[in-house]
There are 2 protein chains.
Amino acid sequence: MPIAVSDIERASSQTVKAQLALRDLILSGDLKPGDRISELNLVDRLGMSRTPIRMALARLEDEGFLEAIPSGGFTIKAFSERDVYDAIELRGTLEGFAARIAAERSVRGRLIEDMKVALRRIDDIAALPTLSVDHFSDYVGLNARFHALLVEAADSPVLKRQIERTLNLPFASPSGFVRVQAEMPEARKILIIAQDHHHCVVRAIEDREGTRAEALMREHARLAQRNLQLALRDQGTRSLLPGAVLIRGAMRSGVF
Amino acid sequence: MPIAVSDIERASSQTVKAQLALRDLILSGDLKPGDRISELNLVDRLGMSRTPIRMALARLEDEGFLEAIPSGGFTIKAFSERDVYDAIELRGTLEGFAARIAAERSVRGRLIEDMKVALRRIDDIAALPTLSVDHFSDYVGLNARFHALLVEAADSPVLKRQIERTLNLPFASPSGFVRVQAEMPEARKILIIAQDHHHCVVRAIEDREGTRAEALMREHARLAQRNLQLALRDQGTRSLLPGAVLIRGAMRSGVF
DNA sequence: CCAGTTGTTCTCGTATACAACATGAATTCT
DNA sequence: AGAATTCATGTTGTATACGAGAACAACTGG
């Protein structure tokens, strides 16, 4: 989803502004993979000095969008389809780890309750006869919230940091595929399966079944992999996938 | 291990110089956890302008050594004993993931051979009647090489990046505990067990036993956890642990 | 005596100037 | 004609200047 202009303008510091604007420039496909980035060019385009732009470039390199050139400067990184697969499975592995330690260590009741609340609201959406775009938008939010709460439940700052890094790549995020999902005929089916995973994980955590909780989150991530596979094969849905422009390879030679 | 001054001086760019020098300043305990970092102070101490220092600070924040203050600036991060535990288990999880996909996908023979070569050389060291400091130094290098080759075998840039990030925290690195190990009576015993893990993992990868390979690497990381526990309890060995100054809590009030 | 306020000082974020360097094109020599 | 070399241009890395804002202390009013 493109970032609202107001978000960029409202950002307190120029550095953050540059970071958001640049991310948007990359994700929108305005800057293509392999392109070398010209700092002075960005000075014109973003209307700020080089300093905050350089800071933002360094940040985006850490986030994985850019690759440093040995002689200096950056290029936009390109991802293979397998890279994306790996990123999703990596997220599954980390979320599985989070679920496991949440199960093994005692989880405070409040977090579990919050997770259940989110799940109930997703249940309500899933029960609706038809799913509008707004409903899907709510679903995205609730889904993201559930995943965030799971990480919270692990109560490990080190792990949280690492998971957040993985989620920087937009197509690796659990919210990455919902727009694709909304357009697919199997939308409801996938939603039902994913939601079942959610319920089972909460139950496993409550019952201190660490291994089961871990396995479930891994399998859960595999749903995203399947969505990805479907999305990339079809030019229409492909455009709904955030960051799809960064993915090279299969089906690149499409309509255009 | 402290970084040689020559390494810092030889570094090409001022930014890298600042990064290495700062890391050293933090790891040596010169800058203590909780301290707010003064950029101008560093200008005097490192003899360079603010620009490369600011770059280095941003990098070190990403590496996990620093924490950004909302109002601006950074403080040295402090880690709880549990944070370190989690970081090690996280490494185990990621290396386990690497071992699994190395096993599941076909691994090129060359990498496996290189791993075996490293293991044979470790075997040679383990067979020696006495273990000198030099031998342990060799062991550190070979151990690091084996772990690096394992990541290489997974052949996944995304995973590689993430593992490298985990290894930024010195106490989470597989090489972090060898200096402690060298001083402990159980040194050889632990070395033998760790080396058995290594051998078994290679075998599991060759035999495409992904689950076993994964479990082994997880258990392997647990050895480091045990080492950590022993090391932190004893003030003498504690000083041998790189980055120990960043760990607050247990046994902090020791001899001094 | 305490709290609120004001003023100072220091810090950080940003802009800009400069120098070293890499890159690429034009030119010259073989 | 092709290759090497030189030169010009644009780039990045670094230093520094400046302004806005925060932390802190002194001061004043209740």
Side-chain angles (χ1 to χ4, degrees), chain A residues 5-26 30-77, chain B residues 5 7-26 30-78:
Chain A
V5 176
S6 59
D7 281 355
I8 297 178
E9 305 235 322
R10 207 179 297 148
S12 47
S13 70
Q14 295 287 74
T15 300
V16 176
K17 244 186 253 183
Q19 199 176 342
L20 294 175
L22 259 173
R23 229 205 311 250
D24 228 34
L25 239 45
I26 295 172
D30 213 333
L31 298 171
K32 292 182 196 66
D35 280 2
R36 178 170 189 164
I37 292 185
S38 162
E39 293 179 3
L40 271 61
N41 186 359
L42 290 176
V43 169
D44 293 340
R45 283 172 90 158
L46 303 184
M48 60 182 71
S49 85
R50 277 181 60 208
T51 307
I53 288 175
R54 286 184 115 258
M55 285 289 181
L57 287 173
R59 286 289 175 85
L60 289 178
E61 183 202 2
D62 276 307
E63 289 186 10
F65 291 101
L66 303 180
E67 201 160 12
I69 301 172
S71 69
F74 300 94
T75 62
I76 314 273
K77 217 188 225 174
Chain B
V5 176
D7 281 355
I8 298 178
E9 305 237 321
R10 206 178 299 149
S12 48
S13 72
Q14 295 287 78
T15 301
V16 176
K17 246 187 252 183
Q19 199 176 342
L20 294 175
L22 261 172
R23 228 204 315 249
D24 229 33
L25 241 43
I26 295 171
D30 213 333
L31 298 171
K32 291 182 197 66
D35 280 2
R36 179 170 188 164
I37 291 185
S38 162
E39 293 178 1
L40 271 62
N41 186 359
L42 289 176
V43 168
D44 293 340
R45 282 172 92 159
L46 303 184
M48 61 183 70
S49 84
R50 276 181 61 211
T51 308
I53 288 175
R54 295 189 98 254
M55 286 289 181
L57 288 173
R59 285 290 175 85
L60 289 177
E61 184 203 1
D62 278 308
E63 289 186 11
F65 291 103
L66 303 179
E67 201 160 11
I69 301 171
S71 68
F74 300 94
T75 62
I76 315 272
K77 215 188 226 173

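Residue numbers begin at 1 in each chain, while the letters A, B, ... track the order of the sequences. The structure presented is a predicted model; accordingly, all values stated were derived computationally and were not measured.
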Step by step, work out the side-chain contact (heavy atoms from CB on, under 4.5 Å) result for Ile76(B) and Leu66(B). CA-CA 5 Å; Ile76(B) 315 272; Leu66(B) 303 179; 4.0 Å; yes
Would you say Ser71(A) places a side-chain N or O within less than 4.0 Å of OP1 or OP2 belonging to dT11(D)? no
May I ask you to evaluate whether Thr15(A) reaches the phosphate of dT14(C), defined as a side-chain N or O under 4.0 Å from OP1 or OP2? yes
Quick one: label Ile37(A) by what it contacts on the DNA or RNA (base, sugar-phosphate, nothing), any heavy atom closer than 4.0 Å. sugar-phosphate
Would you indicate what Leu57(A) reaches in the nucleic acid, counting non-hydrogen atoms under 4.0 angstrom: base, sugar-phosphate, or nothing? nothing
Rounded to the Å, how far apart are [X] [atom1] and [N] [atom2]?
X	N	atom1	atom2	answer
Gln14(A)	dG21(D)	CD	P	12 Å
Arg36(B)	dA23(D)	CZ	C1'	8 Å
Lys17(A)	dA15(C)	NZ	P	9 Å
Met55(B)	dT16(D)	CE	P	17 Å

At their closest point, which heavy atom of [X] faces which heavy atom of [Y], and how far apart are they?
X	Y	value
Ala18(A)	Pro52(A)	CB-O, 4.0 Å
Ser71(A)	Arg36(A)	OG-NH2, 4.5 Å
Arg59(B)	Glu61(A)	NH2-OE1, 3.3 Å
Ile53(B)	Glu39(B)	CD1-O, 4.4 Å

Rounded distance (nearest 0.5 Å) linking atom CG of Leu22(B) with atom CZ of Arg45(B): 9.0 Å
Let me know, please, whether Pro52(A) or Ile69(A) comes out on the 5' side of the other along DNA chain C by nearest nucleotide. Pro52(A)
Kindly state which residues belonging to residues 39-51 of chain B come within less than 4.0 angstrom of DNA chain C, counting heavy atoms of the residue only, listed by number. Glu39(B), Arg50(B)
